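Step one of this worksheet: look at the structure below.
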Amino acid sequence: MEETIGEIAVIGLGYIGLPTAIMFANSGYKVIGYEIREDVVEKINSGKAHIVEPEIDELLAKAVKSGNLRATSNPSEITGKDVYIICVQTPLNNDKTPNLSYLESAVRTVANAMKKGSLVVIESTVPPLTTLKMSRLIEELTGFKAGWDFYMVHAPERVMPGRIFKELVYNSRIFGGITPESAEKAEKLYRVFVKGQMFKTNSTVSEVVKLMENTFRDVNIALANEFAFLAHQYGINVFEAIELANTHPRVKIHVPSIGVGGHCLPKDPHLLVWPAKEDFGLITLAREINDSMPLFTKDLLFSALKEMNVPLEDAVIAVLGMAYKGNSDDTRNSPALVFVDAIKDDVGEVRTYDPYVGGNVGSIEEAVEDADAVVIATDHSAFKFLDWEALGKLMRTRILVDGRHIVETPPRGFLFKGVGRGEY
Ligand code: SAJ
(Lines give C-alpha, C1' and ligand atoms only; values in the text may rest on other atoms or scores of the structure.)
Protein backbone atom coordinates (compact mmCIF):
# COMPACT_ATOMS: atom_id res chain seq x y z
CA MET A 1 0.00 0.00 0.00
CA GLU A 2 1.35 3.45 -0.84
CA GLU A 3 2.10 5.80 2.02
CA THR A 4 0.34 8.99 0.88
CA ILE A 5 -3.19 9.64 2.06
CA GLY A 6 -5.46 10.11 -0.90
CA GLU A 7 -9.18 10.68 -0.82
CA ILE A 8 -11.25 10.62 2.33
CA ALA A 9 -14.91 9.70 2.74
CA VAL A 10 -16.64 10.80 5.93
CA ILE A 11 -19.75 8.81 6.75
CA GLY A 12 -22.34 10.84 8.68
CA LEU A 13 -22.19 14.65 8.56
CA GLY A 14 -23.48 15.51 12.01
CA TYR A 15 -21.92 17.32 14.95
CA ILE A 16 -18.64 15.41 14.59
CA GLY A 17 -18.57 14.28 10.96
CA LEU A 18 -19.10 17.71 9.39
CA PRO A 19 -16.41 19.53 11.42
CA THR A 20 -14.00 16.62 10.82
CA ALA A 21 -14.68 16.67 7.06
CA ILE A 22 -14.15 20.45 7.05
CA MET A 23 -10.81 20.13 8.86
CA PHE A 24 -9.47 17.55 6.40
CA ALA A 25 -10.76 19.51 3.40
CA ASN A 26 -9.19 22.75 4.65
CA SER A 27 -5.93 20.85 5.19
CA GLY A 28 -5.82 20.10 1.48
CA TYR A 29 -7.50 16.69 1.16
CA LYS A 30 -10.28 15.76 -1.21
CA VAL A 31 -13.16 14.87 1.07
CA ILE A 32 -16.55 13.49 0.21
CA GLY A 33 -19.15 13.47 2.95
CA TYR A 34 -21.82 10.76 2.83
CA GLU A 35 -25.07 11.63 4.55
CA ILE A 36 -28.48 10.04 4.12
CA ARG A 37 -30.45 13.22 4.93
CA GLU A 38 -30.81 14.85 1.52
CA ASP A 39 -31.74 18.28 2.86
CA VAL A 40 -28.49 18.28 4.87
CA VAL A 41 -26.48 17.30 1.76
CA GLU A 42 -28.04 20.14 -0.21
CA LYS A 43 -27.39 22.68 2.51
CA ILE A 44 -23.76 21.65 2.96
CA ASN A 45 -23.11 21.76 -0.79
CA SER A 46 -24.46 25.29 -0.85
CA GLY A 47 -21.84 26.14 1.79
CA LYS A 48 -24.21 26.36 4.75
CA ALA A 49 -24.01 24.38 7.98
CA HIS A 50 -27.07 22.66 9.46
CA ILE A 51 -25.63 22.89 12.99
CA VAL A 52 -24.75 25.83 15.18
CA GLU A 53 -21.08 25.93 16.16
CA PRO A 54 -18.61 28.82 16.43
CA GLU A 55 -16.60 29.34 13.20
CA ILE A 56 -18.44 26.60 11.28
CA ASP A 57 -20.02 28.88 8.67
CA GLU A 58 -16.75 30.46 7.52
CA LEU A 59 -14.81 27.19 7.63
CA LEU A 60 -17.47 25.25 5.72
CA ALA A 61 -17.82 27.97 3.08
CA LYS A 62 -14.04 27.86 2.58
CA ALA A 63 -13.99 24.04 2.28
CA VAL A 64 -16.82 23.95 -0.26
CA LYS A 65 -15.48 26.88 -2.27
CA SER A 66 -12.04 25.28 -2.57
CA GLY A 67 -13.67 22.24 -4.16
CA ASN A 68 -12.17 19.97 -1.50
CA LEU A 69 -15.45 19.17 0.27
CA ARG A 70 -18.64 17.86 -1.26
CA ALA A 71 -21.53 16.01 0.27
CA THR A 72 -23.59 13.23 -1.28
CA SER A 73 -26.32 10.79 -0.40
CA ASN A 74 -25.37 8.50 -3.25
CA PRO A 75 -23.27 5.57 -1.93
CA SER A 76 -21.74 4.89 -5.35
CA GLU A 77 -19.86 8.20 -5.04
CA ILE A 78 -17.77 6.95 -2.14
CA THR A 79 -16.40 3.92 -3.97
CA GLY A 80 -12.69 3.18 -3.81
CA LYS A 81 -11.57 5.81 -1.30
CA ASP A 82 -8.34 5.49 0.66
CA VAL A 83 -9.85 6.43 4.00
CA TYR A 84 -13.35 6.02 5.48
CA ILE A 85 -14.16 7.90 8.67
CA ILE A 86 -17.38 6.77 10.34
CA CYS A 87 -19.08 9.42 12.50
CA VAL A 88 -22.60 8.12 13.03
CA GLN A 89 -24.63 8.14 16.20
CA THR A 90 -24.74 5.19 18.58
CA PRO A 91 -27.82 5.97 20.68
CA LEU A 92 -29.58 3.84 23.29
CA ASN A 93 -32.74 1.85 22.75
CA ASN A 94 -35.63 2.51 25.14
CA ASP A 95 -34.40 -0.30 27.36
CA LYS A 96 -30.97 1.41 27.63
CA THR A 97 -29.20 -1.16 25.49
CA PRO A 98 -26.98 0.22 22.71
CA ASN A 99 -28.54 0.73 19.31
CA LEU A 100 -25.72 -0.09 16.91
CA SER A 101 -27.92 -0.18 13.82
CA TYR A 102 -26.61 3.16 12.44
CA LEU A 103 -23.03 2.00 12.93
CA GLU A 104 -23.67 -1.38 11.37
CA SER A 105 -25.38 0.18 8.39
CA ALA A 106 -22.46 2.63 7.96
CA VAL A 107 -19.99 -0.27 8.12
CA ARG A 108 -21.99 -2.14 5.47
CA THR A 109 -21.95 0.96 3.23
CA VAL A 110 -18.18 1.23 3.70
CA ALA A 111 -17.65 -2.50 3.06
CA ASN A 112 -19.49 -2.11 -0.23
CA ALA A 113 -17.38 0.85 -1.28
CA MET A 114 -13.87 0.22 0.04
CA LYS A 115 -10.88 -1.19 -1.80
CA LYS A 116 -7.88 -3.22 -0.74
CA GLY A 117 -5.63 -1.06 1.41
CA SER A 118 -8.39 1.27 2.68
CA LEU A 119 -8.17 2.58 6.23
CA VAL A 120 -11.47 2.46 8.13
CA VAL A 121 -11.74 4.80 11.11
CA ILE A 122 -14.57 4.62 13.65
CA GLU A 123 -14.93 7.94 15.48
CA SER A 124 -18.30 7.02 16.96
CA THR A 125 -18.37 6.09 20.63
CA VAL A 126 -18.97 2.34 20.82
CA PRO A 127 -19.24 -0.43 23.44
CA PRO A 128 -15.95 -2.24 24.13
CA LEU A 129 -15.05 -4.88 21.50
CA THR A 130 -17.25 -3.28 18.80
CA THR A 131 -14.37 -2.27 16.46
CA LEU A 132 -13.13 -5.86 16.41
CA LYS A 133 -16.67 -7.08 15.69
CA MET A 134 -17.05 -4.55 12.88
CA SER A 135 -13.71 -5.62 11.39
CA ARG A 136 -15.04 -9.18 11.28
CA LEU A 137 -18.22 -7.94 9.60
CA ILE A 138 -16.09 -6.22 6.92
CA GLU A 139 -14.11 -9.45 6.47
CA GLU A 140 -17.36 -11.37 5.93
CA LEU A 141 -18.79 -8.82 3.51
CA THR A 142 -15.65 -8.20 1.42
CA GLY A 143 -13.59 -11.35 1.74
CA PHE A 144 -10.67 -9.07 2.73
CA LYS A 145 -8.47 -9.95 5.67
CA ALA A 146 -8.33 -7.40 8.50
CA GLY A 147 -4.86 -6.01 9.07
CA TRP A 148 -3.66 -7.36 5.71
CA ASP A 149 -6.11 -6.12 3.13
CA PHE A 150 -7.52 -3.23 5.12
CA TYR A 151 -6.68 -1.25 8.22
CA MET A 152 -9.06 -0.32 10.97
CA VAL A 153 -8.91 1.93 13.97
CA HIS A 154 -11.10 3.34 16.69
CA ALA A 155 -10.23 7.05 16.98
CA PRO A 156 -12.78 8.50 19.39
CA GLU A 157 -13.81 12.11 19.00
CA ARG A 158 -13.27 14.05 22.23
CA VAL A 159 -14.62 17.47 21.37
CA MET A 160 -17.13 19.52 23.24
CA PRO A 161 -19.95 21.22 21.32
CA GLY A 162 -19.31 24.96 21.37
CA ARG A 163 -15.52 24.44 21.20
CA ILE A 164 -15.33 21.85 18.43
CA PHE A 165 -12.88 23.57 16.07
CA LYS A 166 -10.45 24.45 18.85
CA GLU A 167 -10.64 21.03 20.47
CA LEU A 168 -10.28 19.16 17.15
CA VAL A 169 -6.90 20.81 16.79
CA TYR A 170 -5.58 21.02 20.34
CA ASN A 171 -7.04 18.00 22.19
CA SER A 172 -4.91 14.90 22.39
CA ARG A 173 -6.10 11.90 20.38
CA ILE A 174 -6.15 8.16 20.91
CA PHE A 175 -5.80 5.72 18.00
CA GLY A 176 -6.83 2.20 18.85
CA GLY A 177 -5.80 -0.04 15.97
CA ILE A 178 -6.90 -3.58 15.29
CA THR A 179 -3.19 -3.89 14.40
CA PRO A 180 -0.28 -1.56 15.30
CA GLU A 181 0.02 -0.58 11.64
CA SER A 182 -3.62 0.55 11.59
CA ALA A 183 -2.98 2.91 14.53
CA GLU A 184 0.13 4.26 12.83
CA LYS A 185 -1.73 5.00 9.60
CA ALA A 186 -4.47 6.85 11.47
CA GLU A 187 -1.95 8.86 13.45
CA LYS A 188 -0.28 9.97 10.23
CA LEU A 189 -3.66 10.91 8.77
CA TYR A 190 -4.81 13.09 11.69
CA ARG A 191 -1.41 14.75 12.08
CA VAL A 192 -2.37 17.09 9.22
CA PHE A 193 -4.45 19.22 11.59
CA VAL A 194 -4.10 17.84 15.14
CA LYS A 195 -1.60 19.75 17.26
CA GLY A 196 -2.38 17.83 20.46
CA GLN A 197 -0.57 14.69 21.57
CA MET A 198 -1.25 11.41 19.76
CA PHE A 199 -1.38 8.07 21.54
CA LYS A 200 -1.52 4.63 19.94
CA THR A 201 -3.08 1.56 21.51
CA ASN A 202 -5.40 -1.30 20.57
CA SER A 203 -9.04 -0.74 19.64
CA THR A 204 -10.56 -2.17 22.85
CA VAL A 205 -8.42 0.02 25.12
CA SER A 206 -9.36 3.03 23.04
CA GLU A 207 -13.08 2.18 23.27
CA VAL A 208 -12.82 1.82 27.05
CA VAL A 209 -10.81 5.05 27.41
CA LYS A 210 -13.46 7.06 25.59
CA LEU A 211 -16.25 5.59 27.71
CA MET A 212 -14.32 6.04 30.96
CA GLU A 213 -13.87 9.75 30.26
CA ASN A 214 -17.59 10.43 30.01
CA THR A 215 -18.43 8.01 32.83
CA PHE A 216 -15.96 9.85 35.05
CA ARG A 217 -17.78 13.11 34.31
CA ASP A 218 -21.23 11.58 34.76
CA VAL A 219 -20.39 9.99 38.12
CA ASN A 220 -18.85 13.24 39.36
CA ILE A 221 -21.90 15.25 38.31
CA ALA A 222 -24.08 12.71 40.15
CA LEU A 223 -22.02 13.27 43.28
CA ALA A 224 -22.50 17.04 42.92
CA ASN A 225 -26.23 16.46 42.49
CA GLU A 226 -26.31 14.35 45.64
CA PHE A 227 -24.55 17.20 47.47
CA ALA A 228 -27.36 19.43 46.16
CA PHE A 229 -29.98 17.13 47.73
CA LEU A 230 -28.10 17.39 51.04
CA ALA A 231 -27.98 21.18 50.77
CA HIS A 232 -31.78 21.23 50.72
CA GLN A 233 -31.82 19.07 53.87
CA TYR A 234 -29.37 21.34 55.70
CA GLY A 235 -30.69 24.68 54.46
CA ILE A 236 -27.51 25.82 52.73
CA ASN A 237 -26.46 27.02 49.28
CA VAL A 238 -24.56 24.09 47.73
CA PHE A 239 -22.72 26.40 45.33
CA GLU A 240 -21.19 28.36 48.20
CA ALA A 241 -20.12 25.06 49.80
CA ILE A 242 -18.70 23.74 46.50
CA GLU A 243 -16.75 26.93 45.87
CA LEU A 244 -15.18 26.67 49.29
CA ALA A 245 -14.48 22.93 48.99
CA ASN A 246 -12.85 23.55 45.60
CA THR A 247 -10.26 25.80 47.26
CA HIS A 248 -8.67 22.52 48.41
CA PRO A 249 -5.86 21.73 45.96
CA ARG A 250 -7.11 18.21 45.22
CA VAL A 251 -10.88 18.76 45.15
CA LYS A 252 -12.85 19.71 42.01
CA ILE A 253 -16.53 19.19 42.56
CA HIS A 254 -18.76 19.43 39.49
CA VAL A 255 -21.89 21.55 39.06
CA PRO A 256 -25.33 20.34 40.20
CA SER A 257 -28.17 21.05 37.76
CA ILE A 258 -31.59 20.22 36.36
CA GLY A 259 -29.94 17.23 34.67
CA VAL A 260 -27.37 15.75 32.36
CA GLY A 261 -28.15 15.76 28.65
CA GLY A 262 -26.41 15.57 25.31
CA HIS A 263 -25.54 12.65 23.15
CA CYS A 264 -22.71 11.37 25.32
CA LEU A 265 -22.97 11.44 29.09
CA PRO A 266 -26.47 9.94 29.42
CA LYS A 267 -25.45 7.08 27.15
CA ASP A 268 -21.78 6.26 27.49
CA PRO A 269 -21.86 4.75 31.01
CA HIS A 270 -24.43 2.25 29.68
CA LEU A 271 -22.20 1.43 26.69
CA LEU A 272 -19.25 0.89 29.02
CA VAL A 273 -20.89 -1.77 31.18
CA TRP A 274 -23.23 -3.35 28.60
CA PRO A 275 -20.89 -5.98 27.05
CA ALA A 276 -19.76 -7.09 30.53
CA LYS A 277 -23.36 -8.20 31.24
CA GLU A 278 -22.99 -7.47 34.95
CA ASP A 279 -24.58 -4.96 37.26
CA PHE A 280 -22.13 -2.16 38.03
CA GLY A 281 -23.43 -0.34 41.12
CA LEU A 282 -21.77 3.07 41.13
CA ILE A 283 -21.93 3.74 37.39
CA THR A 284 -25.58 2.68 37.15
CA LEU A 285 -26.59 4.56 40.30
CA ALA A 286 -24.93 7.76 39.03
CA ARG A 287 -27.03 7.52 35.88
CA GLU A 288 -30.18 7.11 37.98
CA ILE A 289 -29.33 10.16 40.12
CA ASN A 290 -28.66 12.33 37.07
CA ASP A 291 -31.82 11.08 35.35
CA SER A 292 -33.83 12.05 38.45
CA MET A 293 -32.80 15.72 38.36
CA PRO A 294 -35.57 17.02 36.06
CA LEU A 295 -38.06 15.44 38.46
CA PHE A 296 -36.32 16.99 41.44
CA THR A 297 -36.68 20.36 39.67
CA LYS A 298 -40.35 19.59 39.04
CA ASP A 299 -40.79 19.04 42.80
CA LEU A 300 -39.19 22.44 43.49
CA LEU A 301 -41.60 24.08 41.04
CA PHE A 302 -44.69 22.34 42.36
CA SER A 303 -43.84 23.15 45.99
CA ALA A 304 -43.38 26.83 45.00
CA LEU A 305 -46.77 26.87 43.24
CA LYS A 306 -48.33 25.36 46.35
CA GLU A 307 -46.68 27.95 48.61
CA MET A 308 -48.10 30.71 46.42
CA ASN A 309 -51.53 29.04 46.29
CA VAL A 310 -51.49 28.66 42.50
CA PRO A 311 -53.69 25.69 41.52
CA LEU A 312 -51.60 23.36 39.35
CA GLU A 313 -54.23 23.06 36.66
CA ASP A 314 -54.29 26.87 36.20
CA ALA A 315 -50.55 27.41 36.39
CA VAL A 316 -48.78 29.01 33.43
CA ILE A 317 -45.12 28.01 33.38
CA ALA A 318 -42.39 29.68 31.29
CA VAL A 319 -39.42 27.41 30.67
CA LEU A 320 -36.29 29.28 29.55
CA GLY A 321 -33.89 27.08 27.60
CA MET A 322 -34.44 23.88 25.65
CA ALA A 323 -30.83 22.98 24.71
CA TYR A 324 -28.95 20.44 26.82
CA LYS A 325 -26.23 22.95 27.62
CA GLY A 326 -25.54 26.66 27.42
CA ASN A 327 -25.03 28.56 24.14
CA SER A 328 -25.87 25.50 22.05
CA ASP A 329 -28.82 24.59 19.83
CA ASP A 330 -28.46 20.91 20.62
CA THR A 331 -31.50 19.37 22.32
CA ARG A 332 -30.42 15.74 22.30
CA ASN A 333 -31.46 14.14 25.63
CA SER A 334 -31.98 17.63 26.99
CA PRO A 335 -33.16 17.66 30.61
CA ALA A 336 -35.26 20.69 29.65
CA LEU A 337 -37.36 18.46 27.36
CA VAL A 338 -37.69 15.81 30.07
CA PHE A 339 -38.76 18.52 32.51
CA VAL A 340 -41.41 19.92 30.13
CA ASP A 341 -42.70 16.42 29.51
CA ALA A 342 -42.92 15.76 33.24
CA ILE A 343 -45.02 18.86 34.02
CA LYS A 344 -47.11 19.37 30.89
CA ASP A 345 -50.06 17.18 31.87
CA ASP A 346 -50.35 18.62 35.38
CA VAL A 347 -50.18 22.35 34.72
CA GLY A 348 -52.40 24.70 32.73
CA GLU A 349 -49.89 25.85 30.12
CA VAL A 350 -46.18 25.46 29.38
CA ARG A 351 -44.43 28.11 27.32
CA THR A 352 -40.95 27.40 26.07
CA TYR A 353 -38.34 29.87 24.87
CA ASP A 354 -34.79 29.29 23.69
CA PRO A 355 -32.71 31.84 21.75
CA TYR A 356 -30.86 29.08 19.82
CA VAL A 357 -33.49 26.35 19.47
CA GLY A 358 -36.69 28.34 19.27
CA GLY A 359 -39.62 27.24 21.38
CA ASN A 360 -43.37 27.64 21.34
CA VAL A 361 -43.07 31.41 21.89
CA GLY A 362 -40.75 33.90 20.22
CA SER A 363 -39.44 36.02 23.09
CA ILE A 364 -38.79 35.97 26.82
CA GLU A 365 -41.42 38.66 27.35
CA GLU A 366 -44.00 36.56 25.53
CA ALA A 367 -43.01 33.56 27.66
CA VAL A 368 -43.35 35.31 31.02
CA GLU A 369 -46.42 37.48 30.33
CA ASP A 370 -49.04 36.52 32.94
CA ALA A 371 -47.01 33.46 33.84
CA ASP A 372 -46.99 32.06 37.37
CA ALA A 373 -43.44 30.74 37.30
CA VAL A 374 -40.25 30.94 35.29
CA VAL A 375 -37.97 27.90 35.22
CA ILE A 376 -34.39 28.25 33.93
CA ALA A 377 -33.52 24.97 32.26
CA THR A 378 -30.41 25.86 30.20
CA ASP A 379 -27.37 27.93 31.13
CA HIS A 380 -27.35 30.18 28.07
CA SER A 381 -25.15 33.23 28.79
CA ALA A 382 -28.00 35.53 27.75
CA PHE A 383 -30.08 34.37 30.72
CA LYS A 384 -27.48 35.71 33.15
CA PHE A 385 -28.33 39.28 32.32
CA LEU A 386 -32.12 39.27 32.52
CA ASP A 387 -33.87 42.19 34.18
CA TRP A 388 -35.95 40.31 36.72
CA GLU A 389 -37.61 43.44 38.04
CA ALA A 390 -38.99 44.25 34.59
CA LEU A 391 -39.90 40.64 33.82
CA GLY A 392 -41.55 40.25 37.23
CA LYS A 393 -43.92 43.12 36.38
CA LEU A 394 -45.24 41.11 33.44
CA MET A 395 -45.87 37.99 35.52
CA ARG A 396 -49.06 36.96 37.31
CA THR A 397 -47.21 35.23 40.15
CA ARG A 398 -43.51 35.77 40.74
CA ILE A 399 -41.91 32.39 41.11
CA LEU A 400 -38.40 31.75 39.82
CA VAL A 401 -36.93 28.24 39.73
CA ASP A 402 -33.28 28.07 38.75
CA GLY A 403 -32.15 24.70 37.46
CA ARG A 404 -28.79 26.00 36.23
CA HIS A 405 -27.27 28.25 38.88
CA ILE A 406 -27.80 31.24 36.63
CA VAL A 407 -29.14 33.51 39.35
CA GLU A 408 -26.63 34.31 42.13
CA THR A 409 -28.82 36.61 44.22
CA PRO A 410 -32.54 35.83 44.18
CA PRO A 411 -34.39 38.84 42.75
CA ARG A 412 -36.50 40.88 45.18
CA GLY A 413 -40.18 40.15 45.23
CA PHE A 414 -39.85 36.61 43.85
CA LEU A 415 -40.35 33.26 45.53
CA PHE A 416 -37.01 31.75 44.52
CA LYS A 417 -36.05 28.11 44.41
CA GLY A 418 -33.06 26.49 42.78
CA VAL A 419 -31.36 23.13 42.49
CA GLY A 420 -28.95 23.08 45.45
CA ARG A 421 -30.30 26.37 46.83
CA GLY A 422 -31.52 25.06 50.17
CA GLU A 423 -31.07 28.38 51.93
CA TYR A 424 -34.36 29.97 50.89
N1 SAJ B 1 -23.36 19.15 33.31
C2 SAJ B 1 -23.74 19.32 34.61
N3 SAJ B 1 -22.77 19.60 35.54
C4 SAJ B 1 -21.45 19.71 35.22
C5 SAJ B 1 -21.07 19.52 33.87
C6 SAJ B 1 -22.04 19.24 32.94
O7 SAJ B 1 -24.92 19.23 34.95
O8 SAJ B 1 -20.63 19.95 36.11
C9 SAJ B 1 -24.36 18.78 32.28
C10 SAJ B 1 -24.44 19.75 31.10
O11 SAJ B 1 -25.28 20.82 31.37
C12 SAJ B 1 -24.98 18.85 30.02
C13 SAJ B 1 -24.37 17.48 30.35
O14 SAJ B 1 -23.95 17.56 31.70
O15 SAJ B 1 -26.39 18.74 30.09
C16 SAJ B 1 -23.20 17.09 29.47
O17 SAJ B 1 -22.41 18.23 29.19
P18 SAJ B 1 -20.84 18.25 29.20
O19 SAJ B 1 -20.43 19.65 29.08
O20 SAJ B 1 -20.34 17.51 30.40
O21 SAJ B 1 -20.39 17.37 27.99
P22 SAJ B 1 -20.80 17.13 26.46
O23 SAJ B 1 -21.80 16.04 26.41
O24 SAJ B 1 -21.13 18.40 25.78
O25 SAJ B 1 -19.39 16.61 25.94
C26 SAJ B 1 -18.77 15.51 26.58
C27 SAJ B 1 -17.29 15.88 26.83
N28 SAJ B 1 -16.69 14.88 27.68
C29 SAJ B 1 -15.96 15.18 28.79
O30 SAJ B 1 -15.82 16.34 29.16
C31 SAJ B 1 -15.34 14.06 29.54
C32 SAJ B 1 -16.57 16.00 25.49
O33 SAJ B 1 -15.18 16.22 25.67
C34 SAJ B 1 -16.77 14.71 24.67
O35 SAJ B 1 -16.13 14.76 23.42
C36 SAJ B 1 -18.26 14.54 24.44
O37 SAJ B 1 -18.88 14.38 25.73
C38 SAJ B 1 -18.49 13.31 23.58
O39 SAJ B 1 -18.77 13.51 22.40
O40 SAJ B 1 -18.32 12.19 24.07
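As the structure lists them, so they are numbered: ligands from 1, and atoms in each ligand from 1. Bear in mind that the values here come from a model prediction, so they are computed numbers and not experimental data.
Closest protein heavy atom to atom 21 (O) of ligand 1: Met160 CE, 3.8 Å. Protein heavy atom at the shortest distance from atom 39 (O) of ligand 1 is Glu157 OE2, 2.3 Å. Of the protein's non-hydrogen atoms, the one nearest atom 18 (P) of ligand 1 is Arg217 NE, 3.6 Å. Annotation: atom 6 (C) of ligand 1 to nearest protein heavy atom, Ile221 CD1, 3.5 Å. Residue, atom and distance of the protein heavy atom nearest to atom 31 (C) of ligand 1 are Asn214 OD1, 3.2 Å. Given atom 38 (C) of ligand 1, the protein heavy atom at minimum distance is Cys264 SG, 2.8 Å.
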Start with the C-alpha gap between Glu77 and Thr72, add the side-chain angles, then the distance that decides, and say whether side-chain hydrogen bond (donor to acceptor under 3.5 Å, both in side chains) holds.
-> CA-CA 7 Å; Glu77 289 196 59; Thr72 181; 3.0 Å; yes

List the steps and the verdict of side-chain hydrogen bond (donor to acceptor under 3.5 Å, both in side chains) for Asn68 and Asn26.
-> CA-CA 7 Å; Asn68 280 351; Asn26 286 343; over 6 Å; no

Verdict with supporting geometry, Val169 and Met23, side-chain contact (heavy atoms from CB on, under 4.5 Å) = CA-CA 9 Å; Val169 174; Met23 290 304 290; 3.5 Å; yes

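The shortest N/O to N/O separation between Val255 and ligand 1 falls below 3.5 Å. Between Val159 and ligand 1, an N or O atom pair is found at a separation short of 3.5 Å. On a distance-only criterion, Arg158 and ligand 1 share at least one N/O pair closer than 3.5 Å. Considering backbone and side-chain atoms alike, Gly261 places an N or O below 3.5 Å from some N or O of ligand 1. Residue Glu167 has no nitrogen or oxygen atom sitting less than 3.5 Å from a nitrogen or oxygen atom of ligand 1, judged on distance alone.
Residue contact annotation: Thr125 has no non-hydrogen atom under 4.0 Å from ligand 1. Taking 4.0 Å as the cut-off, Gly262 does not count as a neighbour of ligand 1 on heavy-atom distance. For His263, the heavy-atom gap to ligand 1 stays at 4.0 angstrom or more. The closest approach between any non-hydrogen atom of Pro156 and ligand 1 is not below 4.0 Å.
Salt bridge annotation for Arg398-Asp372: absent, with no cationic side-chain nitrogen under 4.0 angstrom from a carboxylate oxygen. Ion pair Asp330/Arg332 flagged as a salt bridge, since at least one NZ, NE, NH1 or NH2 atom sits closer than 4.0 Å to an Asp/Glu carboxylate oxygen. Looking at Arg173 and Glu123, a side-chain N of the basic residue comes within less than 4.0 Å of a carboxylate O on the acidic one, giving a salt bridge. Using a 4.0 Å cut-off between a side-chain N of Lys or Arg and a carboxylate O of Asp or Glu, Glu213 and Arg158 qualify as a salt bridge. A salt bridge is defined here as a Lys NZ or Arg NE, NH1 or NH2 lying under 4.0 Å from an Asp or Glu carboxylate O, and Asp291 with Arg287 meets this definition.
Aromatic ring centres of Phe193 and Phe24 lie closer together than 6.0 Å.
Relative to the ring axis of Tyr151, Lys185 places its NZ or CZ within 45° and under 6.0 Å from the centre.
The contact set between ligand 1 and Glu213, taken as ligand atoms under 4.0 Å from a residue heavy atom, comprises 31 (C). Of all atoms in ligand 1, numbered sequentially from 1 with element shown, those under 4.0 Å from a heavy atom of Lys210 are 34 (C), 35 (O), 38 (C), 39 (O), 40 (O). Applying the 4.0 Å criterion to heavy atoms of Ser257 picks out, from ligand 1, the atoms 2 (C), 7 (O). Remark: ligand 1 atoms within the under-4.0 Å shell around heavy atoms of Tyr324 are 11 (O), 12 (C), 15 (O), 16 (C), 17 (O), 22 (P), 23 (O), 24 (O).
Of the candidates Lys325, Arg404, His254, it is Arg404 that places a heavy atom closest to atom 11 (O) of ligand 1. Around atom 9 (C) of ligand 1, the closest heavy atom drawn from Gly259, Pro161, Ser334 belongs to Gly259.
With 3.5 Å as the limit, one finds a donor-acceptor pair spanning the side chains of Thr97 and Asp95.
Just one residue in the list Val310, Asp346, Thr397 forms a side-chain contact (heavy atoms from CB on, under 4.5 Å) with Leu305, and that residue is Val310.
Ring geometry for Tyr190 versus Phe175: interplanar angle of 30 to 60°, hence tilted.
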